[in-house]
Undergrad: 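One structure, pasted below without further comment.
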Number of protein chains: 2
Amino acid sequence: MRYDKGRKDASRSRIMEVAANRFRGDGIAASGLATIMKDAGLTNGAFYPHFQSKADLVRESMASALETQSQQLQQALASGGLELAMAMYLSPEHRDHPQTGCASAALLPEIARQSPETRALYTEKLLTLVHQLAKNLPPRTRDREGVALGVFAALIGALQLARAVEGTELSDCILAAGADAARALIQPRQKHEAS
Amino acid sequence: MRYDKGRKDASRSRIMEVAANRFRGDGIAASGLATIMKDAGLTNGAFYPHFQSKADLVRESMASALETQSQQLQQALASGGLELAMAMYLSPEHRDHPQTGCASAALLPEIARQSPETRALYTEKLLTLVHQLAKNLPPRTRDREGVALGVFAALIGALQLARAVEGTELSDCILAAGADAARALIQPRQKHEAS
DNA sequence: AATATCACATTATGATCATAATGCAATAGT
DNA sequence: ACTATTGCATTATGATCATAATGTGATATT
């Protein structure tokens, strides 16, 4: 190696971090590589030694963001349980900072349009998050994975709605409604036998 | 008027319909005007007599798609109630055809990045949908609007997740989990007094 | 000290982007 | 029949897109 031992790795992680933030903030398709590289303190030409293509960067930075989210979730669960984790997810702070928040809430429809490989990687990381939630559901809950999926879906939808509407008041209402829904879903109660 | 009375209007609606489908299918940022115009049987130049800008087209086609959705929801509610409406929303058919499906599920994160005017228009149409759901909740439901918001959030989140993951089996599971969650949420039951 | 190597910069490519100016052919009003 | 109007096509603009070829300066190895 001619340069510092870890220099390339450092650049690479910087690119990935900048990209993850920009993708979540502005969307994948709307984010150009030139801007990402500039924000990382580099130029156009330095991109391809690090990644094969934009799709490659998307895949890796998405995975990295999801792993970080998994760690943060673990901390929240450890310190305050599901209640705290859900409260943090539907907080105004999270709503107002999509760049550093949940990649699912910021990017799900775009992820659905990515390559099968990217979606397979997303699936893997998603299941990790869902398992983490499932393990922290109340003791007697049935169909833990299913309930956890339903809770996560409600959280994602509520956060997205809160970000999309105009008007802080309504947006706050949506966060509250999402929290109510999530709370209702985790109450242990048997299903599948209505009417 | 020198041309057929309704010719310009016909072209305009064709552009809007094509655009609404393409935006939902490929995303707003990823959809170019040239392609949209070609699909509408016209060329680049014919765009600006009809719309002031791409943002203008986004706003109008989004509103149109939401109004159509509102009508379809009304029909479903009338013929089969909330159960049918929810089942249709989380059906494999809806999952597999985002171009003609729910604009919220296909575009929410991108809508959140649009101008305040566009988001205000989205807010208006969203509230219409939520009111329609609220009116069809079971008789004794409290906080009808809040519950309806929670249900819609869960539906949107589940549909997006089902579209993003790789693997039909898992995707079907997510649809089922979303349906379970929505069903659980519409069971009349008092809230706000846990623990 | 010399040299080989590599991270990154510079610059180039051709496509596509949103937007705009101009041109033309068709028709409605006279 | 003439003419003014207009819906759309043609073509142009400059920006930005992802990707790629080439250049260069710093340094680790020798």
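Atom set for the values below is all heavy atoms of this structure, side chains included, hydrogens, waters and symmetry mates excluded. Convention: sequence-line order gives letters A, B, ...; per-chain numbering from 1.
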Undergrad: Is it true that Tyr122(A) and Ser104(A) share a donor-acceptor pair across their side chains at a distance under 3.5 Å?
TA: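 Result is yes, a qualifying pair exists.
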Undergrad: When you measure from the side-chain N and O atoms of Thr35(B) to the phosphate of dT16(C), is any distance below 4.0 Å, counting only OP1 and OP2?
TA: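 False: Thr35(B) side-chain N/O out of range (4.0 Å or more) of dT16(C) OP1/OP2.
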Undergrad: Using a 3.5 Å cut-off and no angle test, enumerate the donor-acceptor pairs between side-chain atoms of residues 35-44 of chain A and protein atoms at least two apart in sequence or in another chain.
TA:
unit_1	atom_1	unit_2	atom_2	d
Asp39(A)	OD2	Arg22(A)	NE	3.4
Asp39(A)	OD2	Arg22(A)	NH2	3.0

Undergrad: More than 12 foreign heavy atoms under 6.0 Å from CD of Glu17(B): is that the case here?
TA: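 Atom CD in Glu17(B) is not packed in, count stays at 12 or less.
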Undergrad: Would the distance check show the side chain of Lys125(B) and the main-chain N or O of Ala65(B) forming a donor-acceptor pair, the cut-off being under 3.5 Å?
TA: no
Undergrad: As a test of reading the structure: which of dT19(D), dC8(D), dC8(C) is closest to the side chain of Ala46(B), going by heavy atoms?
TA: dC8(D)
Undergrad: To the nearest angstrom, how far is Phe47(B) atom CZ from dA21(C) atom C1'?
TA: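 These atoms are roughly 17 Å apart.
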Undergrad: The side chain of Tyr48(A) is closest to which nucleotide in this list: dT19(D), dA18(C), dA9(C)?
TA: dT19(D)
Undergrad: In whole Å, what is the span from the NE2 atom of His50(A) to the P atom of dC6(C)?
TA: 14 Å
Undergrad: To the nearest Å, how far apart are Asp56(B) CG and dA18(C) C1'?
TA: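 About 14 Å, once rounded to whole Å.
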Undergrad: Expressed as a whole number of angstroms, how long is the span from Gln52(A):CD to dA18(D):P?
TA: 17 Å
Undergrad: According to a strict under-4.0 Å criterion, is Ser11(B) in side-chain N/O contact with OP1 or OP2 of dC8(D)?
TA: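 Affirmative; the distance criterion is met.
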Undergrad: Rounding to an integer number of Å, can you tell me how far Met37(B) CE sits from dT11(D) P?
TA: 17 Å
Undergrad: Separation of Ile36(A) atom CD1 from dA18(D) atom C1', in whole Å?
TA: 11 Å
Undergrad: To the nearest Å, how far apart are Ile15(B) CD1 and dG7(D) P?
TA: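 Spelled out: CD1 on Ile15(B) to P on dG7(D) is 12 Å.
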Undergrad: Can a donor-acceptor pair be found, under 3.5 Å and without considering hydrogens, that links the side chain of Arg12(A) to the backbone of Phe51(A)?
TA: no
Undergrad: Please work out which residues in residues 25-32 of chain A have a non-hydrogen atom less than 4.0 Å from an atom of DNA chain D and list them by number.
TA: Ser31(A), Gly32(A)
Undergrad: Can you tell me the distance, in whole Å, between the CG atom of Leu33(B) and the P atom of dA12(D)?
TA: 20 Å
Undergrad: Output the single nucleotide from dT19(D), dC8(D), dT10(C) whose closest atom is nearest the side chain of Thr43(A).
TA: dT10(C)
Undergrad: For the atom pair CG (Asp180(A)) and CZ (Arg142(B)), what is the distance rounded to the nearest 0.5 Å?
TA: 13.0 Å
Undergrad: I want to confirm an ordering. Mapping Asn44(A) and Pro49(A) to their closest nucleotides on DNA chain C, which one lands closer to the 5' end?
TA: Pro49(A)
Undergrad: How long is the straight-line distance from CD of Glu166(B) back to OG1 of Thr123(A), given to the nearest 0.5 Å?
TA: 6.5 Å
